[in-house]
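Letters A, B, ... mirror the listed sequences (proteins, then strands); counts begin at 1.
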Number of protein chains: 2
Amino acid sequence: MLSNNEQAITNADKTFFKLRKDIVEGIIPAGSKLSEMELSTKYEVSRAVIREAINRLATCHLVERKANVGARVVALSPEGLIQLYQVREALEGMAARLAARYMTDEEIADMQALLDSHFDKVKDSHSYYQEAGDVDFHYRIVTGSKNDHLISVLVDGLYHLVRMYRVQLGMAGPRVSTAFDEHRHIVNAIANRDEELAEMLMRRHILYSKNNIEKKLNNA
Amino acid sequence: MLSNNEQAITNADKTFFKLRKDIVEGIIPAGSKLSEMELSTKYEVSRAVIREAINRLATCHLVERKANVGARVVALSPEGLIQLYQVREALEGMAARLAARYMTDEEIADMQALLDSHFDKVKDSHSYYQEAGDVDFHYRIVTGSKNDHLISVLVDGLYHLVRMYRVQLGMAGPRVSTAFDEHRHIVNAIANRDEELAEMLMRRHILYSKNNIEKKLNNA
DNA sequence: AAAACGCATTTTGTCGACAATAAAGCCAAG
DNA sequence: CTTGGCTTTATTGTCGACAAAATGCGTTTT
């Protein structure tokens with residue numbers, strides 16, 4: 001149910017998406033070097049489109065590029081994860097506030113319906129997180145903010161990094177039903193047009209999520 | 001006193017910086033089309049480096065690119081400005097919070113010294129804003145957060161857009177001394193390691209700034 | 001006269017080759 | 001044996017040319 005409506009039209013687009021997918025899923029290991037020549041043969045495109053793809057990945061902070069040296073996939077670190085969640089807290093908190101201000105009644109009703117359908121799935125299988133229900137929920141809030149900068153930074157940038165951490169560190173864990181309740185409360189605040197509460201609840205929600213992942217990181 | 005330590009080493013870098021400067025300062029008008037061929041002759045580089053420069057500008061949200069069509073400089077609009085300040089409020093608020101947590105005592109002392117020197121200048125000339133003192137202050141807070149994502153999004157992205165609005169809409173206005181006092185209070189909160197207050201004061205500071213600019217926009 | 005089709009032109013996307021820079025290996029000197 | 005500088009090699013940066021797509025215009029058709 002991922003409303004991923006970004007469509008590739010040019011070759012560079014397709015290559016960018018493939019590369020991003022392979023990086024996020026760890027097929028291209030974190031911290032590894034990206035050779036333009038090598039990739040151009042592997043993905044069967046010219047070096048120019050590989051270059052463009054790598055440049056785009058660099059702006060997503062999925063790879064780091066150094067002039068005349070090359071590009072490396074970012075390394076996953078506890079500090080990086082913490083920094084990521086600090087930005088998410090600020091940005092998604094604001095997104096929730098703006099969603100409470102700007103979302104239409106229809107959009108809110110849709111989101112409530114979405115949560116209901118999630119609830120049904122949660123009852124039997126404990127797979128709320130895996131089923132991308134969490135992603136879908138956050139995605140709706142962010143787009144509901146109607147703020148292009150917010151949407152771009154989160155959807156095009158940070159979310160892919162978040163997914164990279166989740167996939168490669170094997171996050172799925174508990175926090176399934178508790179996270180669901182938190183989502184409920186946030187939607188209620190938005191439905192009541194309570195900006196202040198919506199922002200605060202969202203920030204807490206992300207803070208809890210961070211603490212949960214941090215704890216796992218330290219145990220592993 | 002702009003600590004702009006980004007240095008161009010490759011040709012694409014230099015072209016990117018030149019283009020960005022010309023766009024921010026309105027030499028290349030807002031909303032105008034960017035022809036690759038035309039720019040490549042004008043800036044005396046190949047089309048490839050122009051393409052790379054344009055791509056980088058697109059990730060800064062200074063230009064918008066459409067596949068197989070071309071790139072245009074972003075149009076300035078009241079809605080865009082409001083959205084920009086909404087993101088600034090969230091991001092710089094968090095930056096102030098993190099600055100209160102992570103800045104060293106030396107960094108804080110330096111910032112206080114900076115404010116003192118600003119105070120001297122403000123006494124005679126009413127040029128706090130023009131003198132880039134405001135920019136410098138915000139820059140210190142953001143880097144003080146020690147959060148790479150935060151720094152990157154603001155310094156490499158939003159700040160250039162903010163400057164574009166300021167330059168092209170001729171913002172300089174009053175709010176000189178009041179903004180200075182607000183800066184004082186923020187630094188004090190950081191010096192006291194009061195994260196909560198630092199974030200709140202910074203958010204208010206940006207909110208006031210937004211309201212001030214909005215008012216000007218409506219009058220003009 | 002308005003709409004639609006097709007051609008021509010212009011602009012962007014893609015490619016392979018060349019130039020410039022940095023990393024690696026080698027030789028020589030201390 | 002280590003260290004310094006040089007040469008070699010591999011990789012990135014840059015370029016001009018070709019391919020593909022979109023816009024604009026003229027013609028045709030209803």
Side-chain angles (χ1 to χ4, degrees), chain A residues 5-23 27-75 152 156, chain B residues 5-23 27-75 152 156:
Chain A
N5 49 2
E6 55 181 358
Q7 55 182 350
I9 49 189
T10 169
N11 251 333
D13 293 340
K14 293 177 204 152
T15 309
F16 168 60
F17 291 144
K18 280 190 213 159
L19 263 173
R20 189 177 64 187
K21 182 172 180 293
D22 291 348
I23 288 176
I27 297 171
I28 301 177
S32 65
K33 187 173 187 326
L34 293 177
S35 162
E36 294 181 358
M37 248 186 354
E38 189 182 331
L39 293 176
S40 92
T41 61
K42 197 171 187 176
Y43 289 82
E44 293 173 316
V45 285
S46 110
R47 253 190 67 214
V49 329
I50 290 286
R51 269 181 78 80
E52 183 170 336
I54 289 181
N55 277 331
R56 286 203 231 171
L57 289 169
T59 68
C60 301
H61 295 273
L62 284 172
V63 315
E64 288 169 349
R65 153 162 268 171
K66 268 202 303 186
N68 287 316
V69 174
R72 311 190 73 87
V73 180
V74 293
S152 164
D156 297 334
Chain B
N5 47 4
E6 54 181 359
Q7 54 183 352
I9 50 191
T10 168
N11 251 331
D13 292 339
K14 293 176 204 154
T15 309
F16 168 60
F17 291 144
K18 280 189 214 162
L19 263 174
R20 189 178 63 187
K21 182 172 181 290
D22 290 348
I23 288 176
I27 297 172
I28 300 176
S32 64
K33 187 172 188 323
L34 293 177
S35 162
E36 295 182 357
M37 248 188 350
E38 190 182 332
L39 292 176
S40 92
T41 62
K42 197 170 185 177
Y43 289 83
E44 293 173 314
V45 285
S46 109
R47 252 190 66 214
V49 330
I50 290 286
R51 269 182 77 80
E52 183 171 334
I54 289 182
N55 277 331
R56 286 204 229 171
L57 290 169
T59 68
C60 300
H61 296 273
L62 284 171
V63 315
E64 289 168 348
R65 153 161 268 169
K66 268 202 301 186
N68 288 316
V69 173
R72 311 191 73 86
V73 179
V74 293
S152 164
D156 298 334

(message) Is a donor from one side chain sitting under 3.5 angstrom from an acceptor on the other, for B/Arg65 and B/Asn55?
(response) yes
(request) Taking salt bridge (charged side-chain N to carboxylate O under 4.0 Å, His left out) as the test, write out the residues that go with B/Arg47, two or more places apart. (result) B/Glu36
(message) Could you work out, with salt bridge (charged side-chain N to carboxylate O under 4.0 Å, His left out) as the rule, every residue matching A/Lys14, not counting sequence neighbours?
(response) none
(message) Measuring only between side-chain heavy atoms, which start at C-beta, is B/Val45 closer than 4.5 Å to B/Ile50?
(response) yes
(request) Taking the side chain as every heavy atom from C-beta outward, state whether A/Arg56 and B/Thr59 have any atom pair closer than 4.5 Å. (result) no
Locate the shortest heavy-atom distance separating [X] from [Y]; write the atom from each residue and the value.
{"X": "A/Ala53", "Y": "A/Leu19", "answer": "CB-CD1, 3.9 Å"}
{"X": "A/Gly70", "Y": "A/Lys33", "answer": "CA-NZ, 4.1 Å"}
{"X": "A/Gln7", "Y": "A/Phe17", "answer": "C-CE1, 4.1 Å"}
{"X": "A/Val73", "Y": "A/Ile23", "answer": "CG1-CG2, 3.7 Å"}
{"X": "B/Ala67", "Y": "A/Ile9", "answer": "CB-CD1, 2.9 Å"}

(request) Could you list by number each residue of residues 36-47 of chain A showing a heavy-atom separation from DNA chain D of less than 4.0 Å, or answer none if no residue does? (result) A/Glu36, A/Met37, A/Arg47
(request) Identify, residue by residue, the members of residues 51-66 of chain B with a heavy atom below 4.0 Å from DNA chain D, and return them in order of residue number, or none. (result) none
[X] [atom1] to [N] [atom2]: how many Å, rounded?
{"X": "B/Asp13", "N": "D/dT12", "atom1": "CG", "atom2": "C1'", "result": "13 Å"}
{"X": "A/Asn11", "N": "D/dA21", "atom1": "CG", "atom2": "C1'", "result": "13 Å"}
{"X": "B/Asn68", "N": "D/dT23", "atom1": "CG", "atom2": "P", "result": "9 Å"}

(request) Extract, from 5' to 3' on DNA chain C, the first and final nucleotides lying under 4.0 angstrom from some heavy atom of chain A. (result) C/dG13 to C/dA23
(message) Among residues at least two apart in sequence or on other chains, which ones pass side-chain contact (heavy atoms from CB on, under 4.5 Å) with A/Val74?
(response) A/Glu64, A/Leu161, A/Met164
(message) Nearest heavy atom decides the nucleotide; on that basis, is A/Val49 or A/Val69 closer to the 5' end of DNA chain C?
(response) A/Val49
(request) For A/Ile50, report the nucleic acid contact type (base, sugar-phosphate, nothing); a contact means any heavy atom under 4.0 Å. (result) nothing
